[in-house]
Asks: 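Could you have a look at this structure, given as structure tokens, before my questions?
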2 protein chains.
Amino acid sequence: MAPARQRSTRQGGAVKDALTSAGGFCSAQDVYAALRSQGDAVGLSTVYRHLQSLVDAGQVDVIHTPEGETTYRLCGEAGQGHHHHLVCRECGRTAEIEGRAVEKWAATVAAEHGYTDVDHTLELFGRCAECSAAR
Amino acid sequence: MAPARQRSTRQGGAVKDALTSAGGFCSAQDVYAALRSQGDAVGLSTVYRHLQSLVDAGQVDVIHTPEGETTYRLCGEAGQGHHHHLVCRECGRTAEIEGRAVEKWAATVAAEHGYTDVDHTLELFGRCAECSAAR
DNA sequence: GCGCTAACTGGTAATCATTACCGGTAGGCT
DNA sequence: AGCCTACCGGTAATGATTACCAGTTAGCGC
């Protein structure tokens, strides 16, 4: 019979742990560097691989910063529930926010223009209370 | 005395024309290919250069597709007026939309979380009326 | 029209993040 | 213990964007 569909490996956990302790969004390269510097080395390919499968599994969210960098963040237990993020552009702290009003608005606007199958991206970037105070 | 701060060159116009006739969003590579195929060749470096300066001048908008590609589009006469886009993911047709309600919502949410200096990205992707009908 | 100078051009090399390959490793089952 | 297969991870490849830099040219004064 075929072995388990999904093996549990040291590296798999390491990547997830890194995301957990990171707290906010971080790039694949960040995860790689973090693991490496804490002696828990994992191959770069492997990091990308796990990140990708976590995304597919809906366990992490992905956003592209305005600079075009792809960042990942461990999110919502089961990946259900569409939501957006309010990210501090200095410390990376992230707040999850819901925007039912926006979803509705988006759907309405799209319909007005005759568009179907609408999807959207929405991210807020700012400076969190602490970073604001620190100036 | 120093010559004009900004020269007008064949290539500069070519890039702008390409964006104009493209109508929707297109990547730098697309512009390059388009110009090249219509015999109006312009160096790739030059395309990027002009695209960048047009962005700086506020004459074109930039958005990153979910796939991470950077696309450009000639927009708003003088670059004034913050707005968003409703892009057809099949034909690229783009509608400019305003979302005062969203702007306001974003500001409110951010304030609630103590964030300042808030900025945001918002793009809608869908299938336009025509492409919808074509299925 | 002529010449000058600085801005512009464009081919090539360099960067950077991400993906593809592929021989080697090691879970998990029997 | 032994096998089968998914998983690892170093390296090469890719693709978009930027940096360099020598050659070209627009625009100004004469």
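Note on naming: letters A, B, ... go to the chains in the order of the sequence lines (proteins, then strands), and numbering restarts at 1 for each one.
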Asks: Describe, as an angle rounded to 10 degrees, how the axis at the first end of the helix from C/dG1-D/dC30 to C/dT30-D/dA1 is tilted relative to the axis at the last end, five pairs per end.
Replies: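 The angle separating the two end axes equals 30°.
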Asks: Checking all strands, does B/Gln29 fall into the base, sugar-phosphate, or nothing category for heavy-atom contacts under 4.0 angstrom?
Replies: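 Base contact.
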Asks: Return the set of residues passing side-chain contact (heavy atoms from CB on, under 4.5 Å) with B/Asp119 (not counting sequence neighbours), or none when no residue passes.
Replies: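 Listed in chain order: A/Arg89.
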Asks: Taking DNA chain D as the partner, which of residues 9-17 of chain A come within under 4.0 angstrom of it by heavy atom?
Replies: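 Of all residues in residues 9-17 of chain A, the ones placing a heavy atom under 4.0 Å from DNA chain D are A/Thr9, A/Arg10, A/Gln11, A/Gly12.
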Asks: Considering only nitrogen or oxygen atoms on both sides, find all protein atoms under 3.5 Å from nucleotides 19-25 of chain C and state each distance.
Replies:
from: C/dA20; atom 1: N6; to: A/Ser45; atom 2: OG; distance (Å): 3.1

Asks: Can you list every ring pair (Phe, Tyr, Trp, His ring centres under 6.0 Å) pair that touches residues 33-64 of chain B, not counting sequence neighbours?
Replies: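 Listed once each, the pairs would be none.
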Asks: Among all residues two or more places apart in sequence or in another chain, which pass the side-chain contact (heavy atoms from CB on, under 4.5 Å) test with A/Glu90?
Replies: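 Testing A/Glu90 for side-chain contact (heavy atoms from CB on, under 4.5 Å), a comparison that skips the adjacent residues, returns A/Cys88, A/Arg127, A/Cys131, A/Arg135.
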Asks: What residues, two or more places apart in sequence or in another chain, satisfy side-chain contact (heavy atoms from CB on, under 4.5 Å) together with A/Glu130?
Replies: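 Listed in chain order: A/Arg93, A/Cys128.
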Asks: Please list all pairs meeting ring pair (Phe, Tyr, Trp, His ring centres under 6.0 Å) that have one or both residues in residues 18-37 of chain A, counting only residues at least two apart or in different chains.
Replies: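 The answer is A/Phe25-A/His85.
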Asks: What residue pairs, at least two apart or across chains, pass salt bridge (Lys or Arg N to Asp or Glu O under 4.0 Å) with a residue in residues 34-43 of chain B?
Replies: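 Non-adjacent pairs meeting salt bridge (Lys or Arg N to Asp or Glu O under 4.0 Å): B/Arg10-B/Asp40.
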Asks: Any base atoms under 4.0 Å from A/His50, or only sugar-phosphate, or nothing? Heavy atoms, all strands.
Replies: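 Touches sugar-phosphate only.
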Asks: Restricting to pairs with a member in residues 103-135 of chain A, which pass ring pair (Phe, Tyr, Trp, His ring centres under 6.0 Å), not counting sequence neighbours?
Replies: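 Qualifying pairs: A/His82-A/His120, A/His84-A/His120.
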Asks: Which part of the nucleic acid, if any, lies within reach of B/Thr70 when heavy atoms closer than 4.0 Å are counted: base, sugar-phosphate only, or nothing?
Replies: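 The answer is sugar-phosphate, as B/Thr70 gets under 4.0 Å only of primed atoms, P, OP1 or OP2.
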Asks: With sequence neighbours excluded, what pairs up with B/Ala22 under the side-chain contact (heavy atoms from CB on, under 4.5 Å) test?
Replies: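 With neighbours one apart ignored, the set is B/Cys26.
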Asks: Going by the salt bridge (Lys or Arg N to Asp or Glu O under 4.0 Å) test, which pairs reach into residues 97-111 of chain B, not counting sequence neighbours?
Replies: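 Applying salt bridge (Lys or Arg N to Asp or Glu O under 4.0 Å) to every pair that reaches into residues 97-111 of chain B, excluding sequence neighbours, yields B/Glu98-B/Arg100.
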